[in-house]
Amino acid sequence: MMTFDLILRDARTAEHPHPVDIAIADGRVAAIAPTLTGEGETLDLGGRLVSPGLIESHIHLDKSRILDRCSAAPGRGRDHMQRVSAVKPSFTEEDVYARARKTLEQCLLHGTMHMRTHVEVDPNVGLCSFDALERLQRDYAWAIDLELCVFAQEGWSTVPEVDANIVACLQRGARVIGGAPGYDVDHAWQIRRIFELAREYDIDVDIHLDSGIVPQDMDIHLVCELTEQMGWGGRVAVGHGTKYSGLPPAELAALGRRMADAGVALTVLPATDLFLMGREHDHHIPRGVADANAMLAQGVNCCLSTNNVLNPFTPFGDSSLIRMANLYATTVQRGSDAELNDCFGMLSSGPARLLGRPDYALAPGGVADLVVWDATSPAEAVATVAPALYGFKRGRRSFTRPLPELHIPLMSV
């Protein structure tokens with residue numbers, strides 16, 4: 001009789017809607033079958049859903065949890081960038097580490113096991129955030145694979161110090177380069193410089209792009225062109241894309257085909273986009289959230305992610321990707337089982353392709369990065385904002401969340 005490290009009994013998966021057993025050995029999925037015989041620790045899941053660990057593909061750990069020093073703008077103010085910029089000189093390595101650690105641990109408890117965090121290296125913050133997140137990356141390797149995307153938030157083309165800081169981080173091993181050309185006086189220069197450095201260091205690209213409501217002067221076309229010229233398809237992503245929400249269906253479909261052909265992925269950031277877009281309107285406020293389901297139908301690799309937590313750009317957040325998927329689905333009015341299953345895929349299989357993880361699958365031989373949900377299907381998990389009950393990172397339990405208990409008086413039953 002075979003011996004396993006762990007057997008998850010009476011489980012469901014996206015591929016197995018009827019109960020199966022999942023065996024884990026040496027950090028990998030050893031077998032999946034309706035009834036497995038073998039010895040080892042056993043956990044009965046009562047028919048609950050098991051999925052690969054979720055992937056947070058676009059978050060800012062370094063500027064999370066700063067509302068105590070810079071509150072969100074009152075009313076419909078739009079000075080969130082200035083508010084954050086004013087306090088960045090106060091950041092220290094220890095300060096960034098402590099705040100990022102709290103947010104990271106919250107992400108872990110909601111089932112996140114892989115993450116790409118954007119790291120700002122503008123002159124008013126320097127490399128202290130990068131230093132802090134490099135340390136966090138090492139300290140939490142037992143629970144999460146953390147990838148650092150280095151970028152400048154406040155302009156690059158006219159700031160030589162930015163270029164020096166970004167190159168320094170790439171030389172230290174940063175594997176992704178990003179940018180925010182919308183805050184640069186020369187959008188095209190910044191985008192071309194990003195791709196130039198990506199080719200020089202053989203790294204992936206992930207750019208904040210096309211924020212706004214009116215779909216004019218979009219930078220996505222240049223990004224697609226450069227992606228094709230360099231042969232970087234599958235290694236490029238853009239985040240936000242709120243301008244795409246203003247396109248009529250035929251034009252959105254055409255853009256989706258263009259991005260799919262080039263191999264450019266889209267990450268939609270519902271909470272931030274809803275909070276920031278349309279603030280110049282006082283009625284009939286546009287949502288500003290791109291319809292990732294529509295883009296997915298055209299072949300675009302689409303992801304959903306958190307972006308900001310408890311700062312002026314997004315003064316709320318519990319780091320739950322399942323909640324983010326529910327918010328997104330509500331906003332873009334997607335509610336069928338198939339659509340909600342696609343939303344779950346935008347937290348898992350989609351960002352796995354974005355991060356270049358070919359071993360990401362709940363299948364024999366796959367890495368045992370697994371989460372148990374209080375739901376029976378991916379669609380139900382999104383619809384009910386199901387809590388994550390257990391996490392296993394490379395087969396080792398990384399968290400447990402007990403179910404709440406309802407205490408019903410005896411006279412009521």
Side-chain angles (χ1 to χ4, degrees), residues 1-56 104-115 137-146 319-322 341 344-345 347-349 351-353 355-382 384 386-405:
M1 182 177 293
M2 295 190 64
T3 299
F4 303 106
D5 298 327
L6 176 66
I7 304 172
L8 302 176
R9 296 204 181 275
D10 195 12
R12 286 182 168 87
T13 75
E15 297 77 21
H16 300 89
H18 301 293
V20 293
D21 294 341
I22 303 170
I24 299 170
D26 299 324
R28 292 189 173 269
V29 177
I32 302 176
T35 303
L36 285 173
T37 57
E39 296 180 347
E41 180 187 353
T42 297
L43 185 61
D44 192 323
L45 302 185
R48 291 185 173 87
L49 174 69
V50 178
S51 79
L54 300 189
I55 300 179
E56 182 76 79
L104 183 69
E105 289 183 349
Q106 199 174 42
C107 292
L108 297 177
L109 292 171
H110 287 297
T112 297
M113 294 187 176
H114 303 263
M115 177 181 288
Q137 183 183 51
R138 294 190 298 269
D139 291 350
Y140 279 78
W142 60 271
I144 192 165
D145 296 312
L146 180 60
S319 306
S320 167
L321 281 173
I322 284 289
N341 283 331
F344 194 94
L347 311 175
S348 51
S349 56
R353 293 195 299 277
L355 269 59
R357 298 299 304 251
D359 59 344
Y360 181 87
L362 207 175
V367 176
D369 289 352
L370 306 177
V371 179
V372 178
W373 303 94
D374 190 22
T376 58
S377 70
E380 183 187 355
V382 174
T384 63
L389 303 182
Y390 304 98
F392 302 91
K393 183 65 176 175
R394 292 182 288 275
R396 175 191 174 277
R397 192 181 304 202
S398 56
F399 72 87
T400 298
R401 175 180 282 105
L403 283 169
E405 182 180 353

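Numbers for residues simply follow the sequence, beginning at 1.
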Side chain to side chain donor-acceptor pair (under 3.5 Å) against [X], all qualifying residues, sequence neighbours excluded:
{"X": "Ser398", "result": "none"}
{"X": "Thr384", "result": "none"}
{"X": "Arg9", "result": "Asp21"}
{"X": "Ser348", "result": "none"}

So which heavy atom on [X] is nearest to which on [Y], and how close?
{"X": "Ala31", "Y": "Pro364", "value": "CA-CG, 4.4 Å"}
{"X": "Ala11", "Y": "Ile22", "value": "CB-CD1, 4.0 Å"}
{"X": "Ala386", "Y": "Ile322", "value": "N-CG2, 3.8 Å"}
{"X": "Gly345", "Y": "Pro351", "value": "O-CD, 3.6 Å"}
{"X": "Val50", "Y": "Leu45", "value": "CG2-CD1, 3.4 Å"}
{"X": "Ala379", "Y": "Asn341", "value": "N-OD1, 3.0 Å"}

How long is the straight-line distance from [atom2] of [Y] back to [atom1] of [X], given to the nearest 0.5 Å?
{"X": "Leu347", "Y": "Ser51", "atom1": "CG", "atom2": "OG", "answer": "9.0 Å"}
{"X": "Thr13", "Y": "Leu8", "atom1": "OG1", "atom2": "CG", "answer": "11.5 Å"}
{"X": "Glu56", "Y": "Ile144", "atom1": "CD", "atom2": "CD1", "answer": "8.5 Å"}
{"X": "Glu105", "Y": "Thr112", "atom1": "CD", "atom2": "OG1", "answer": "13.0 Å"}

Going by salt bridge (charged side-chain N to carboxylate O under 4.0 Å, His left out), name the residues that satisfy it together with [X], two or more places apart in sequence or in a different chain.
{"X": "Arg48", "answer": "Asp374"}
{"X": "Asp145", "answer": "Arg357, Lys393, Arg394"}
{"X": "Arg397", "answer": "Glu41"}

Side chain proximity check, Trp142 to Arg396, heavy atoms < 4.5 angstrom:
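Yes - at least one pair of side-chain heavy atoms lies under 4.5 Å apart.
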With a 4.5 Å limit on heavy-atom distance, are the side chains of Tyr390 and Leu370 in contact?
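No, their side chains stay 4.5 Å or more apart.
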Test ring pair (Phe, Tyr, Trp, His ring centres under 6.0 Å) applied to His114 - qualifying residues, sequence neighbours left out
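With neighbours one apart ignored, the set is Tyr360.
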By ring pair (Phe, Tyr, Trp, His ring centres under 6.0 Å) - contacts of Phe4 (at least two apart):
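Listed in chain order: nothing, the list is empty.
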Name all residues meeting the side-chain contact (heavy atoms from CB on, under 4.5 Å) criterion together with [X]; count only those two or more places apart in sequence or in a different chain, and write none if there are none.
{"X": "Glu39", "answer": "Met1, Thr3"}
{"X": "Asp44", "answer": "Asp10"}
{"X": "Arg401", "answer": "Leu109, His110, Pro387, Ala388, Phe399"}

Has Thr42 got a side-chain atom pairing as donor or acceptor with Gly40's backbone, closer than 3.5 angstrom?
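Judged by distance alone, yes, a pair lies under 3.5 Å.
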Would you mind telling me which of Leu355, Leu54, Ile55, Leu104 makes a side chain to side chain contact (heavy atoms under 4.5 Å, CB included) with Met115?
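Among the candidates, only Leu104 passes.
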